[in-house]
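Remarks on the structure that follows.
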Number of protein chains: 2
Amino acid sequence: MISALSNQWLQALQADGCRITRSRKVIVDLLLNSDRALGPIEIYDLARKEYPALGLVTVYRTLEKLEAMGLIQRVHLPDGCHRYLRSTQGHEHLLLCTQCGKVVTFSGDDFSKLSDRVSQNTGFLIQEHWLQLFGVCPDCRKHL
Amino acid sequence: MISALSNQWLQALQADGCRITRSRKVIVDLLLNSDRALGPIEIYDLARKEYPALGLVTVYRTLEKLEAMGLIQRVHLPDGCHRYLRSTQGHEHLLLCTQCGKVVTFSGDDFSKLSDRVSQNTGFLIQEHWLQLFGVCPDCRKHL
DNA sequence: TTTAAAATGAAAATCACTTTCAATAAGGAT
DNA sequence: ATCCTTATTGAAAGTGATTTTCATTTTAAA
Ligand SMILES: [Mn+2]
Ligand SMILES: [Mn+2]
Ligand SMILES: [Zn+2]
Ligand SMILES: [Zn+2]
């Protein structure tokens, strides 16, 4: 399944001097159609169903490239810190299902007041924040 | 340097069925007196200055035990997710210096409104949140 | 002391990830 | 369509962190 977005990513790769290969198509496609963060081995196993000749090294190399281009982002989870997800747009954060891993994004957090206060109290110059919410998605709530 | 807190931790270990050993004393002491999160190898190297016979395996085993007991917590950073820090008390979060790694805690964040809104919008049951601030500590600001 | 169980470190094993390299495939030029 | 340069590939070897195994040592309770 090659979507419009998929072509967009492949063209972005090409514009960056890369060639469009079957390996990359399969990996890009998986990442674009997943609603949860995937790790290298996971991607490797899933992708080989579509393209058995794929090598694990190529998965690592493709993830590295896609991350460098800002198309995907690394996600930290309690049980693994090398999962990848398509990048969020602008100032968005993640909400993850602790049961099935499903990810949705949200925005509208406002840390300005907190940030100012903490800066006052600590003398730190505050640069950025990491925020992630964890919970149970609608589907998993049914089976809870 | 064996502080009161250090004895408290060692007694907690003992109460849990563990024995108090020189290895554990040294490791506990390092963790209690550090103002930044330490990784296993880092702890190993620092601890051997005090106790050269210490084995790396023992560092891993001790960290595992201390984390299981809730005395230390794992910290995620952009460049490594296996650093450990004494656990925060109650509802506290971390503010980390991106230059030297120094950690301070803060509290007083209020996610109730955000949490309610996101829950409404997504149908997720929200359970917990990860929040970390990054910045430059007072000392490092001087040399910036 | 004695003794049973816990803890230890060396060494080997495992695991995720990276590097190397010779062969292959992509795609621009012709 | 065919060449030709260069990027990409997978296999295999290498690396570094973490875990397992096991014979020996240490702890602390009796
Ligand atoms: Mn934010
Ligand atoms: Mn992490
Ligand atoms: Zn779910
Ligand atoms: Zn600093």
Side-chain angles (χ1 to χ4, degrees), chain A residues 2 6-7 9-30 37-69 72 74-84, chain B residues 2 7 9-30 37-69 71-72 74-84:
Chain A
I2 302 289
S6 186
N7 283 321
W9 281 27
L10 292 171
Q11 280 160 31
L13 278 166
Q14 201 165 37
D16 203 55
C18 296
R19 290 174 184 177
I20 296 178
T21 65
R22 177 143 182 217
S23 305
R24 285 172 178 163
K25 277 184 199 158
V26 175
I27 294 169
V28 159
D29 219 52
L30 266 176
L38 301 173
I41 314 266
E42 223 172 342
I43 292 173
Y44 178 55
D45 289 336
L46 289 170
R48 271 187 309 170
K49 289 178 183 166
E50 192 65 30
Y51 178 35
L54 178 69
L56 178 56
V57 204
T58 301
V59 175
Y60 281 107
R61 288 192 277 229
T62 303
L63 288 173
E64 189 181 17
K65 177 69 79 173
L66 292 174
E67 191 187 20
M69 293 181 64
I72 60 173
R74 190 178 144 204
V75 177
H76 297 255
L77 293 170
D79 66 331
C81 297
H82 291 276
R83 310 291 175 74
Y84 294 85
Chain B
I2 303 289
N7 283 321
W9 282 26
L10 292 170
Q11 280 160 31
L13 277 167
Q14 201 164 37
D16 203 55
C18 295
R19 290 172 182 177
I20 295 176
T21 66
R22 180 144 182 217
S23 305
R24 286 173 177 163
K25 276 183 199 158
V26 174
I27 295 169
V28 159
D29 220 51
L30 266 177
L38 302 173
I41 314 265
E42 224 171 340
I43 293 173
Y44 178 56
D45 289 335
L46 290 169
R48 271 186 309 171
K49 289 178 182 165
E50 191 67 29
Y51 178 36
L54 178 69
L56 178 56
V57 204
T58 300
V59 174
Y60 280 105
R61 288 192 277 230
T62 303
L63 288 173
E64 188 182 15
K65 176 69 81 176
L66 291 173
E67 190 188 20
M69 294 181 64
L71 294 171
I72 59 174
R74 195 177 137 204
V75 177
H76 297 255
L77 293 169
D79 66 331
C81 297
H82 291 276
R83 311 289 178 71
Y84 294 85

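Not measured: the values here are computed from a predicted model. Worth knowing before you read on, the calculation uses all heavy atoms, side chains too, and leaves out hydrogens, waters and symmetry mates. By convention in this document, chain letters (A, B, ...) are assigned in the order of the sequence lines, proteins followed by strands, and residues within each chain are numbered from 1.
- Nucleotide D:dT18 holds its C1' atom 14 Å from the CD1 atom of B:Ile43, rounded to whole Å.
- Nearest nucleotide to the A:Ser23 side chain, out of D:dT6, D:dT9, C:dT19: D:dT9.
- The CG-P distance, from B:Leu63 to D:dA17, rounds to 15 Å in whole Å.
- Rounded to a whole Å, the CG atom of A:Asp79 is 16 Å from the P atom of D:dT18.
- Comparing B:Pro40 and A:Arg24 by the nucleotide of DNA chain D whose heavy atom lies nearest to each, the residue mapping closer to the 5' end is A:Arg24.
- Side-chain atoms of B:Arg61 lie closest to D:dC22 of the nucleotides D:dC22, C:dC17, D:dT18.
- Using a 4.5 Å cut-off on side-chain heavy atoms (C-beta onward), B:Lys25 and B:Val28 make no contact.
- Of the listed nucleotides (D:dA29, D:dT26, C:dC17), D:dA29 has the atom at the smallest distance from the side chain of B:Gln14.
- Proximity of A:Arg24 to A:Cys18: side-chain heavy atoms (C-beta onward) are separated by under 4.5 Å at one or more points.
- As a whole-Å value, the separation of B:His82 NE2 from D:dG16 P is 17 Å.
- In this model, the phosphate group of C:dT8 is approached by a side-chain N or O of B:Thr21 to a distance below 4.0 Å at OP1 or OP2.
- Side-chain atoms of A:Arg74 come within 3.5 Å of backbone atoms of A:Cys81 as a donor-acceptor pair (strictly under, hydrogens ignored).
- B:Ile41 places its CD1 atom 6 Å from the P atom of D:dT18, with the value rounded to the nearest Å.
- Here C:dA16 presents its P atom at 7 Å from OH of A:Tyr60, a figure rounded to the nearest Å.
- Across all strands shown, A:Leu56 has no heavy atoms under 4.0 Å from either base or sugar-phosphate atoms.
- Atom CZ of B:Arg22 and atom P of D:dT26 are 12 Å apart (whole Å).
- Listed by first and then second residue, the salt bridge (charged side-chain N to carboxylate O under 4.0 Å, His left out) pairs that reach into residues 37-46 of chain B are B:Arg36-B:Glu42, B:Asp45-B:Arg48, sequence neighbours excluded.
- At whole-Å resolution of the value, NZ in B:Lys65 and C1' in C:dA6 are 10 Å apart.
- The side-chain heavy atoms of A:Trp9 and A:Ile72, taken from C-beta on, include a pair separated by under 4.5 Å.
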